[in-house]
Amino acid sequence: MKNRSTLRIAEIRKENFDINTYRFNFDLKAKPGQFIMLSDLRGGEKPFSISDCTEDHFCITVKRVGEFTKRLFSCSPGDLLSIRGPYGSSFFISAGKVLLVGGGYGTPPLYFLAKHLLKNGAEVHVVNGARKAEELVFCEKFQKLGINYENTSECGRLKNSGTSIDLVEQAFRNNSYDFIYAAGPEMMMKNLQDKLGKLPYEFLLERYMKCGVGLCGNCTVDPLGIRLCVEGPVLSKALVEQLTEFGNYHREASGKRIYFMKTDKGKK
Amino acid sequence: MNERLETKFLGFKLASPLVLPAGVMGMSFSGLKISADLGAGMVTSKSLTLQPRTGHKGPVIAEFEGGILNSMGLCNPGIKDGLAEIDEFKEGSDTPVIVSVFATSSRDFIALTEEVNSSSADLLELNLSCPNVYDEFGIPLSASKDQVYEIVSSVKDISQKPVIAKLSPNVLNPAEIALAAEAGGADALCLINTVGPGMLIDTLMVKPILFNKFGGLSGPCLKPVALKLVYQAYSVVNIPIIGMGGISTGNDVVEMLMAGADIVGIGTAVYSRGIEVFSKINAELLQFMDENGYKSVITLPKLEKLDV
């Protein structure tokens, strides 16, 4: 069986009220930014970014959103799951001073990236934002890396209040960066893009994926036709800049376009 | 593109004999465009239905040594949104495009044909052979020569585009079905759709891997079956054929052309060789022609027809 394994959950860690991290003791040989297709073979298979990976284990971090992820939340260590992958493109591992921008449950793959950047000798700064303070994930894990880490929420009791973009602006006033990375809500990355000027960057994008192997075409992005499951999910600045659908629309399971903002409806 | 690869199909000029078949990369204008830009001479939309369909729950794909099983379940944005993607594709490309449609009755096929008539599609393909919706719709229409004849002839009555019948390999009488499509007025045949369906089992979880349990088989293991069925159809009909099934190299394409196909579909090889598969195979075709003294794709010989 090519590229598919049936693995037992080694550990489940509760990150917050609706986010869990699942650890599998398996040498997946994944690179930061790559994803797996995960299924319980009971109806539902979804892509999940890898939030950590070493030679003896890997982790994915899952938000409870639908039927399938609800079932994942009732799983216990020892339960079997079907895993395909790793699939997709990975982040460029830069040196120098880098800024990682995470939003909501999009943040976990940036933890895996941060570890690799540190190994490469980069100076890693992370900003992590969420709507509410209790929705922030991986705060302790990032802090334990001994890096420059800031988090913020739009409403809550944190030192900072506001969006990740507010923290980015603050970071830009005091630092000059060599490379920017982001993962999270698309509108956050769209807003971030406007602040980046000539800085090189990579974004981790999300689209509805079905086959995961570049055949069905559900995750192609306009107008390039590149497949986020093969040529993505990590896209470089040069590619992101050409995407007319970035921050504009995405395609649902049927392939129908869904616009991020209703006012954009009908706009091509 | 090299003019030695040029060919004609139902009056349309193709830059290459390679076709992107229905179900692969055909969900969006950009998926069609990249396939054409990278060397496909003609492209086909995902099979469109009157209403949008989200398809089966996953897993919808299972990879194995000989190819893949899929049970996508005819997911598509519906005929209206699907044709809008085709119109957007045609705004930026001269590559001929086939719109594939799926229905289970003449009435619905006619309604779909009316929509396609008023679009920028160049050709219409009737998907009579999806193997992945048995539970919902029963045995595919292409299992019955009477149904094939009825649907093709009722669509032909109103279609303003050439009509292609996409046929199944999973029938007892493939030659009779091909003849029924021709008798109904089909302008061309497209075969084969995926084989089986088949299944794969997860031995630790003791469950079928596909949530739909069964799925159509595609990939290299299909080639011998596809060659045989195309050759059989070629031997009995006088209309052109789009041949496909397990074709992934230049030599495979030559085999398919020799079996009687006029042009050749490349589907699962997009998975095994990347989206650049079209340019790779075009180069392999040119190399084959160079090495064996053929001037152009249209001068490649065909097998002698079967005695029937």
Side-chain angles (χ1 to χ4, degrees), chain A residues 1-8 37-47 66-68 79-85 87 207-227 229-231 242-245 249-258 266 268, chain B residues 20 23-38 46 48-49 51-65 68 70 72-73 75-78 81-82 84-85 88 91-92 200 202-212 218 267-268 270-272 274-275:
Chain A
M1 201 73 55
K2 206 176 164 187
N3 271 336
R4 201 185 70 88
S5 315
T6 309
L7 302 178
R8 287 189 193 283
M37 296 295 291
L38 179 78
S39 178
D40 60 0
L41 306 188
R42 289 177 164 83
E45 185 184 41
K46 300 284 170 195
E67 255 179 72
F68 166 55
D79 288 353
L80 290 163
L81 291 171
S82 163
I83 280 138
R84 294 195 284 136
Y87 291 134
R207 284 295 180 269
Y208 199 99
M209 288 177 186
K210 282 184 178 156
C211 75
V213 294
L215 270 177
C216 71
N218 216 99
C219 68
T220 53
V221 282
D222 297 338
L224 301 178
I226 52 176
R227 303 156 294 178
C229 68
V230 176
E231 287 86 21
Q242 295 176 63
L243 297 182
T244 48
E245 76 168 67
Y249 61 87
H250 60 102
R251 286 184 173 83
E252 57 153 27
S254 73
K256 223 176 165 60
R257 295 182 192 189
I258 306 291
K268 270 181 187 173
Chain B
L20 178 80
V24 180
M25 293 293 289
M27 203 62 127
S28 62
F29 80 90
S30 62
L32 298 173
K33 184 177 182 300
I34 194 171
S35 309
D37 289 350
L38 289 172
K46 176 84 186 154
L48 301 172
T49 50
Q51 298 303 322
R53 290 174 56 91
T54 52
H56 292 311
K57 287 182 179 177
V60 290
I61 286 265
E63 304 164 59
F64 76 109
E65 301 77 4
I68 60 173
N70 93 81
M72 299 305 297
C75 45
N76 78 91
D81 286 42
E85 298 283 347
E88 198 164 349
E91 280 168 26
L200 290 163
D202 185 300
T203 51
L204 297 181
M205 292 164 87
V206 200
K207 280 184 182 306
I209 294 173
L210 297 180
F211 184 63
N212 189 49
S218 65
T268 302
V270 168
Y271 147 82
S272 54
I275 188 69

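Per chain, numbering begins at 1; letters A, B, ... match sequence-line order. For clarity, every value in this text was computed on a predicted model and none was experimentally measured.
Using a 4.5 Å cut-off between heavy atoms, B:Leu210 makes no contact with chain A at all. Heavy-atom distances place no part of A:Val230 under 4.5 Å from chain B, backbone and side chain included. For A:Leu224, the part sitting under 4.5 Å from any heavy atom of chain B is the backbone (N, CA, C, O) and nothing else. Of the atoms belonging to B:Asp202, heavy atoms from both backbone and side chain fall under 4.5 Å from chain A. For B:Met72, the part lying under 4.5 angstrom from a heavy atom of chain A is the side chain only. Proximity to chain B (any heavy atom under 4.5 Å) is restricted, for A:Leu81, to the backbone atoms N, CA, C and O.
Pairs of residues two or more places apart, or lying in two chains, that qualify as salt bridge (Lys or Arg N to Asp or Glu O under 4.0 Å) and include a residue from residues 212-227 of chain A are A:Asp222-A:Arg251, A:Asp222-A:Arg257, A:Arg227-A:Glu231.
Remark: B:Lys57 pairs with A:Glu67, B:Phe211 by the side-chain contact (heavy atoms from CB on, under 4.5 Å) rule, at least two apart or across chains.
Comparing A:Gly217, A:Ser39, A:Gly43 by how many heavy-atom pairs each has under 4.5 Å with chain B, the most go to A:Gly43.
For the atom pair OG (A:Ser82) and CD1 (B:Ile209), the distance works out to 7.0 Å, reported to the nearest 0.5 Å. Considering OG1 of A:Thr220 and CD1 of B:Ile34, their distance stands at 9.0 Å, rounded to 0.5 Å. The line from CG of B:Asp81 to OG of A:Ser254 is 7.5 Å long, rounded to the nearest 0.5 Å.
Inter-residue side-chain proximity for B:Glu63 and A:Arg4 is flagged as unmet; no heavy-atom pair is nearer than 4.5 Å. Taking 4.5 Å as the limit, some side-chain heavy atom of B:Ile61 sits within range of a side-chain heavy atom of A:Arg84.
Looking at every heavy atom in both residues, A:Leu41 comes nearest to B:Met205 through CD1-SD, 3.8 Å. For B:Gly267 against A:Leu215, the heavy-atom pair with the smallest separation is O-CD2, 3.5 Å. Scanning both residues, A:Gly214 and B:Val270, for their nearest heavy atoms gives O-CG1, 3.7 Å. Shortest non-hydrogen contact noted between A:Gly225 and B:Met25 is O-CE, 3.7 Å. The minimum heavy-atom distance linking B:Met27 with A:Ala253 is given by the pair CE-O, 4.3 Å.
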